[in-house]
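Data first, discussion second: the structure below is written as structure tokens.
Proteins come first, then strands; the chains are lettered A, B, ... in the order of their sequence lines, and each starts at number 1.
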2 protein chains.
Amino acid sequence: MSNVKALPLLEPEAHEAVAPCCPPLTERPFTAEEAERTARMFKALGDPVRLRLFSAVASAEAGEACVCDISDVGVSQPTVSHHLKKLKEAGLLTSERRGTWVYYRVEPSVLAAMSKLLTTTATP
Amino acid sequence: MSNVKALPLLEPEAHEAVAPCCPPLTERPFTAEEAERTARMFKALGDPVRLRLFSAVASAEAGEACVCDISDVGVSQPTVSHHLKKLKEAGLLTSERRGTWVYYRVEPSVLAAMSKLLTTTATP
DNA sequence: TCCCTGGTTCGACATGTGTCAACATAGACG
DNA sequence: CGTCTATGTTGACACATGTCGAACCAGGGA
């Protein structure tokens with residue numbers, strides 16, 4: 001449960017879904033609980049708009065992106081905000097307000113954790 | 001729609017979603033088209049029941065699993081069938097009938113492709 | 001041949017989800 | 001203080017999705 005304590009603002013909700021997740025999908029059949037937890041992350045990335053937002057943040061130079069820089073994804077501004085919230089709730093992004101703007105960054109452990117889920121146990 | 005009369009031909013739909021997909025999420029912001037294609041796969045895994053089914057198939061000894069071996073996931077059998085169909089449509093699974101039973105296996109390229117999506121561009 | 005078992009499809013329903021317009025809030029700046 | 005700009009929240013609505021029971025198809029034996 002306790003992983004990275006660096007940032008000043010810590011969402012308790014967000015931490016639930018993150019790193020301490022599950023074995024690779026190919027290792028053994030998932031239990032209901034594991035599936036529930038893991039599905040939340042996949043579901044968060046299962047929407048084109050969210051995927052574009054996440055990709056925009058993940059590929060940002062400084063490791064973070066202002067909402068104003070990534071909100072050109074073809075939907076209204078409230079909708080962008082809604083999707084960013086979903087990504088935050090899923091533990092994939094964190095946000096921080098600095099002055100006028102709000103910056104989003106990728107929760108560091110997430111990418112590695114999800115990638116590990118998809119690795120094959122048999123390595124040729 | 002069109003399925004009953006289909007000979008051992010390959011569904012063109014299924015192939016669309018598979019391997020030749022997209023760069024890592026962290027490389028650059030996804031285009032709308034890339035996001036649309038990729039989101040389909042994540043969405044397919046974004047349901048707990050489907051995740052359990054997929055995991056059951058992916059972790060099966062013989063590389064394949066009979067429906068009867070994996071349908072104990074807490075929902076009715078028609079629902080299992082429905083989810084397996086979704087996974088097939090997303091290009092994640094393939095199915096084959098042998099005698100009385102129907103066997104599902106993981107589309108080989110999928111796991112590697114999705115894993116690659118989640119790798120960080122910096123590869124040490 | 002008839003029936004039984006494994007799987008899929010159909011029809012219907014409740015719930016969830018994406019979307020927008022309108023409103024609310026938080027700083028910056030005069 | 002007042003106002004402007006950048007985000008988030010609310011309410012409403014259309015549409016997609018998960019679920020089940022019933023009906024349906026495919027093989028394998030008796």
Side-chain angles (χ1 to χ4, degrees), chain A residues 8-9 11 13-14 32 35-36 39-54 56-57 64-90 92-105, chain B residues 1-8 11 13-14 32 35-36 39-54 56-57 64-90 92-105:
Chain A
L9 297 175
E11 265 67 289
E13 278 270 329
E36 201 79 44
R40 239 173 280 155
M41 298 193 298
F42 283 115
K43 192 178 209 170
L45 294 180
D47 177 274
V49 172
R50 280 198 294 271
L51 206 47
R52 289 185 73 182
L53 290 171
F54 184 83
V57 173
E64 65 180 10
C66 168
V67 175
C68 56
D69 289 331
I70 61 178
S71 36
D72 188 21
V73 287
V75 295
S76 72
Q77 196 275 328
T79 302
V80 168
S81 188
H82 166 73
H83 283 305
L84 287 172
K85 186 181 181 182
K86 282 283 190 80
L87 287 167
K88 224 168 74 174
E89 286 172 352
L92 302 184
L93 293 180
T94 61
S95 70
E96 183 193 359
R97 169 161 227 134
R98 280 209 301 282
T100 307
W101 295 279
V102 176
Y103 294 87
Y104 280 80
R105 51 175 59 234
Chain B
M1 314 306 178
S2 61
N3 41 10
V4 182
K5 276 298 179 183
L7 288 185
E11 336 287 35
E13 278 270 330
E36 201 81 44
R40 240 174 280 156
M41 298 193 297
F42 282 116
K43 192 180 209 170
L45 294 179
D47 177 274
V49 174
R50 280 199 293 272
L51 206 48
R52 290 186 72 184
L53 291 171
F54 184 83
V57 173
E64 66 181 8
C66 167
V67 175
C68 54
D69 290 331
I70 61 178
S71 38
D72 188 22
V73 288
V75 295
S76 72
Q77 205 272 335
T79 303
V80 168
S81 190
H82 167 73
H83 284 304
L84 286 172
K85 186 179 181 183
K86 281 284 190 77
L87 287 167
K88 224 167 75 173
E89 286 171 354
L92 302 184
L93 294 181
T94 60
S95 72
E96 182 194 357
R97 169 163 227 133
R98 280 208 301 281
T100 306
W101 294 280
V102 176
Y103 294 86
Y104 281 80
R105 52 174 59 238

Specify the separation, in whole Å, of atom CG of A/L87 and atom P of D/dG8.
12 Å
Presence of A/T100 side-chain N/O under 4.0 Å of C/dG27 phosphate oxygens OP1/OP2
no
What one should report as the nearest heavy-atom pair of A/A65 and A/I70 is CB-CG2, 3.8 Å
For A/L51 against A/L45, the heavy-atom pair lying closest together
CD1-O, 3.7 Å
Can you check the B/I70 CD1 to C/dG7 P distance for me, whole Å?
9 Å
Closest listed nucleotide, where the reference is the side chain of A/R97 and the choices are C/dA26, D/dT19, C/dT19
C/dA26
Search all heavy atoms of A/R98 against all heavy atoms of A/E64 and return the closest pair with its distance.
NH2-OE2, 2.5 Å
Should A/H83 be listed as having a side-chain N or O under 4.0 Å from OP1 or OP2 of C/dT17?
no
Report the nucleotide, chosen from C/dG18, D/dT7, D/dT17, that has the shortest atom-to-atom distance to any side-chain atom of A/D47.
C/dG18
Closest approach of B/S95 to B/V102 (non-hydrogen atoms, all atoms of both residues):
CB-CG1, 4.2 Å
Interatomic distance where NE2 belongs to A/H82 and P belongs to C/dA21 [whole Å]
15 Å
Using the closest heavy atom to pick a nucleotide of DNA chain D for each, name whichever of A/Q77 or B/Q77 lands nearer the 5' end.
A/Q77
B/L45 CG to D/dG18 C1', straight-line distance once rounded to whole Å:
16 Å
If you assign each of A/R50 and A/P78 to its closest nucleotide in DNA chain C, which residue comes earlier from the 5' end?
A/R50
The side chain of B/V102 is closest to which nucleotide in this list: C/dT8, D/dT7, C/dC20?
C/dT8
Counting just side-chain N and O atoms, does A/K85 come under 4.0 Å of either OP1 or OP2 of D/dT7?
no
State which of D/dT9, C/dT19, D/dT19 makes the closest approach to the side chain of B/V49.
D/dT19
If I take atom CD in residue A/E96 and atom P in nucleotide D/dG8, what distance separates them, rounded to the nearest angstrom?
13 Å
Identify which nucleotide among D/dT19, D/dG8, C/dT19 has an atom closest to any side-chain atom of A/V75, counting heavy atoms from C-beta outward.
C/dT19
Nearest-Å distance, CZ (A/R52) to C1' (C/dG18)?
16 Å
State, yes or no, whether a side-chain contact exists between A/H83 and A/T79 at a heavy-atom distance under 4.5 Å.
yes
With the side chain defined as heavy atoms from C-beta on, A/W101 is closest, among D/dT7, C/dG18, D/dC20, to D/dT7
Looking at every heavy atom in both A/A44 and A/A90, which two are closest together, and how far apart are they?
CB-CB, 3.5 Å
In whole angstroms, the gap separating P of D/dT9 from CD of A/E89 amounts to 9 Å
Does A/T79 have a side-chain nitrogen or oxygen under 4.0 Å from the phosphate oxygens OP1 or OP2 of C/dT19?
no
Starting from C1' on D/dT7, measure out to CG on A/D69 and report it in whole angstrom.
14 Å
Looking at D/dT7, I'd like to know if its phosphate oxygens (OP1 or OP2) sit under 4.0 Å from a side-chain N or O belonging to A/Y103.
no
Can you tell me which nucleotide in D/dT19, C/dT19, D/dA16 comes closest to the side chain of B/K43?
D/dA16
